[in-house]
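One structure is given here, and the rest of the page talks about it.
Atoms within each ligand, like the ligands themselves, are counted from 1 in listed order. Numbering starts at 1 and runs along the sequence shown.
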Amino acid sequence: MTIKFNFNKYSRKFKQPLKTHHGLWEVREGIIIELMDERGKVGWGEIAPLSWFGSETLREAMDFCESLPGIITENLIFSIPMSLPACQFGLESAFTELQGNDKEIPKLENSGLLPTGKAALSGWEDLVNRGYKTLKWKIGVDSIDNELNWLQILASQMSEIQGLSLRLDANGGLNFSEGDRWLDICDRINLGDTSFKIEFLEQPLGVNELEGMLALTKGHLTPIALDESVATLTQINQCYQQGWRGIFVIKPAIVGSPKQLRKLYHSLGIDGVFSSVFETEIGQKASLKLAAELCQSNRAVGFGINHWFVDTD
Ligand SMILES: O=C(O)CCC(=O)c1ccccc1C(=O)O
Ligand SMILES: [Mg+2]
């Protein structure tokens with residue numbers, strides 16, 4: 001089968017830039033893939049790299065697309081190198097769409113992203129009114145004393161509504177003793193008698209500090225989720241081999257080939273939380289299909305943010 005290949009770069013500005021320990025992120029750039037088979041059926045895909053997270057750069061993805069001929073084969077799509085994980089996802093998901101199976105995505109529970117810093121204290125109610133029961137808050141941005149103080153206020157406010165939970169995402173911005181302090185307070189909250197829970201602390205330490213995170217899990221009740229440390233399939237495998245049995249955040253758009261993800265996910269028996277990289281609806285649809293297929297737990301997915309773009313082109 002021959003497949004026509006086309007691609008287009010896009011650029012979208014966030015209504016509010018995302019503030020994390022990595023800094024401010026203002027514009028999402030990526031590539032839309034269009035495949036067409038001999039009958040004229042079209043399949044869309046998206047390459048949404050996040051190089052500060054461990055994927056290829058947008059430039060590398062563009063170079064790859066520019067190197068491809070206008071007519072490609074299935075074989076080419078399934079032999080994209082592991083060094084281009086976002087390209088693997090983009091082309092493979094476009095190909096899957098070509099093949100038909102247009103199944104409806106079942107409605108998954110979503111987590112809502114709180115504004116970073118003190119603004120979370122006045123921002124959570126709006127998200128809860130919009131139906132979110134799981135919220136996520138970026139930490140490691142302000143001073144630890146301020147943030148721990150805000151956490152305790154947030155926890156006591158959120159405890160007044162039944163059944164809410166909170167995820168904390170440090171984006172690798174803590175050191176060991178800071179991680180320990182955060183987890184002590186999370187444990188104290190989780191041992192309290194309200195229904196409010198801290199679901200997990202995401203990526204407290206840097207990408208290469210797995211040993212430290214393994215050590216942190218030992219002394220604490222509140223789970224840790226790896227994110228930056230497991231951005232790609234290769235890293236998921238490595239962390240598993242090195243003994244990680246906690247939660248894995250899976251960002252399908254940058255993790256690599258969906259086919260290989262399925263295989264690895266089942267063979268390792270992963271406890272996964274599926275999450276967005278602020279891709280467009282094209283990448284989001286393909287990611288959510290994978291989440292619905294693979295995620296056995298009742299953990300919310302992290303895709304609650306698509307109202308955050310300014311309309312441009
Ligand atoms: O995971 C979520 O719930 C929301 C998405 C999110 O936090 C995120 C989005 C883009 C890039 C990095 C991250 C992150 O988890 O660190
Ligand atoms: Mg994260």
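Here E228 does not reach the Mg ion (ligand 2): none of its N/O/S atoms is less than 2.8 Å from the metal.
With salt bridges taken as basic N to acidic carboxylate O contacts below 4.0 Å, none links D142 and K118. Checked for salt-bridge contact, K251 and D227 meet the test: a charged N lies under 4.0 Å from a carboxylate O.
Proximity of a side-chain donor or acceptor of N190 to a complementary backbone N or O of K197 within less than 3.5 Å is not detected. Checked by atom type and distance alone, the side chain of D37 pairs as donor or acceptor with a backbone atom of R39 at under 3.5 Å.
Ligand 1 places these atoms under 4.0 Å from at least one heavy atom of V277: 10 (C). When each atom of ligand 1 is checked for a heavy atom of D227 under 4.0 Å away, the hits are 14 (C), 15 (O), 16 (O). Close contacts between ligand 1 and D169 involve ligand atoms 14 (C), 15 (O), 16 (O) [criterion: under 4.0 Å to a heavy atom]. Atoms of ligand 1 found under 4.0 Å from any heavy atom of E202, numbered from 1 in the order shown, are 15 (O). Atom numbering of ligand 1 starts at 1 in the shown order; those under 4.0 Å from a heavy atom of F53 are 12 (C), 16 (O). Atom numbering of ligand 1 starts at 1 in the shown order; those under 4.0 Å from a heavy atom of S275 are 1 (O), 2 (C), 5 (C). Atom numbering of ligand 1 starts at 1 in the shown order; those under 4.0 Å from a heavy atom of W25 are 10 (C), 11 (C).
Ring planes of F14 and F278: perpendicular class, angle over 60° (limits at 30 and 60°). Between F248 and W244, the ring planes lie perpendicular to each other; the angle is over 60°, past the 30° to 60° tilted range.
Within D169, the N, O or S atom at minimum distance from the Mg ion (ligand 2) carries the name OD2. Distances from the Mg ion (ligand 2) to the N/O/S atoms of E202 are shortest for OE2. Looking at D227 and the Mg ion (ligand 2) together, the shortest N, O or S contact belongs to OD2.
Looking at N171 next to ligand 1, an N or O pair under 3.5 Å apart turns up. Checked against a 3.5 angstrom limit, the closest N/O atoms of S276 and ligand 1 fall outside it. For the pair K138 and ligand 1, the shortest N or O to N or O distance falls below 3.5 Å.
Contacts of L50 with ligand 1, taken as heavy-atom pairs under 4.0 Å, involve the side chain alone.
Taking the six-membered ring for Trp and the full ring otherwise, the centers of Y265 and F274 sit less than 6.0 Å from each other.
The shortest heavy-atom distance from K251 to ligand 1 is under 4.0 Å.
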Pair Q241, N237 - check side chain to side chain donor-acceptor pair (under 3.5 Å), show working. CA-CA 6 Å; Q241 299 316 325; N237 227 331; 3.2 Å; yes
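Under 3.5 Å, the side chains of Q203 and H21 contain no donor-acceptor pair of N or O atoms.
Counted within 6.0 Å of CD on E109, heavy atoms from surrounding residues, nucleotides or ligands total more than 12; the atom is thus considered enclosed.
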